[in-house]
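Here the structure is laid out as structure tokens; the discussion comes afterwards.
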Amino acid sequence: MALLSTAILVSSTIECSAVTALVSTCYTFITYGSPDPFPGSPCCNAMANLKVIADTIENRRFACRCLLGLISTYNPNAYAIATLPDFCQVSLGFNIDPNTDCNLIL
């Protein structure tokens, strides 16, 4: 029961649709590889907002799972998604990588 209530809290706090909407702000870079996002750009502002909503361990893990789902959706442009935090100088607290185990994120 406790696990179920935690899952409900997490999903009500952050949803994959919110993560997808934020990442979609970077659509041009993800799709075409340019222009590079930079701090202060709408794309990087979205990454900063993603950091804000991924404010707890549970939310970071949930955001990680959503981002890994996007990597498979945008394949072969997954590398572009993985580089967004670095371009934007935003630390999400985890690496966006298909090999990341989201359950181990703290």
Taking atom [atom1] of [X] and atom [atom2] of [Y], what is their separation to the nearest 0.5 Å?
X     : Y     : atom1 : atom2 : result
Thr31 : Phe29 : OG1   : CZ    : 10.5 Å
Asp36 : Asp86 : CG    : CG    : 12.0 Å
Asn59 : Lys51 : CG    : NZ    : 14.5 Å
Phe94 : Leu68 : CZ    : CG    : 8.0 Å
Cys16 : Leu70 : SG    : CG    : 7.5 Å

Gamma sulfurs of Cys26 and Cys43 within less than 2.5 Å: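 Disulfide present: SG-SG distance under 2.5 Å.
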Partners passing side chain to side chain contact (heavy atoms under 4.5 Å, CB included) against Asn49 (at least two apart in sequence or in another chain):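 Partners of Asn49 by the side chain to side chain contact (heavy atoms under 4.5 Å, CB included) criterion, ordered by chain and then number, come out as Leu22.
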Heavy-atom closest contact (Ile57 atom, Ile105 atom, distance):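 Looks like CG2-O, 3.5 Å.
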Closest heavy-atom pair and its distance - Cys88, Pro39: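 Reported closest heavy-atom pair: O-CG, 3.9 Å.
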Non-hydrogen side-chain atoms of [X] and [Y] separated by less than 4.5 Å:
X      : Y     : answer
Thr20  : Cys66 : no
Leu84  : Ile96 : no
Leu104 : Arg61 : no
Leu67  : Leu50 : yes

Is there a donor-acceptor pair under 3.5 Å between the side chain of [X] and the backbone N or O of [Y]?
X     : Y      : result
Thr83 : Ala80  : yes
Arg60 : Leu106 : yes
Thr25 : Pro42  : no

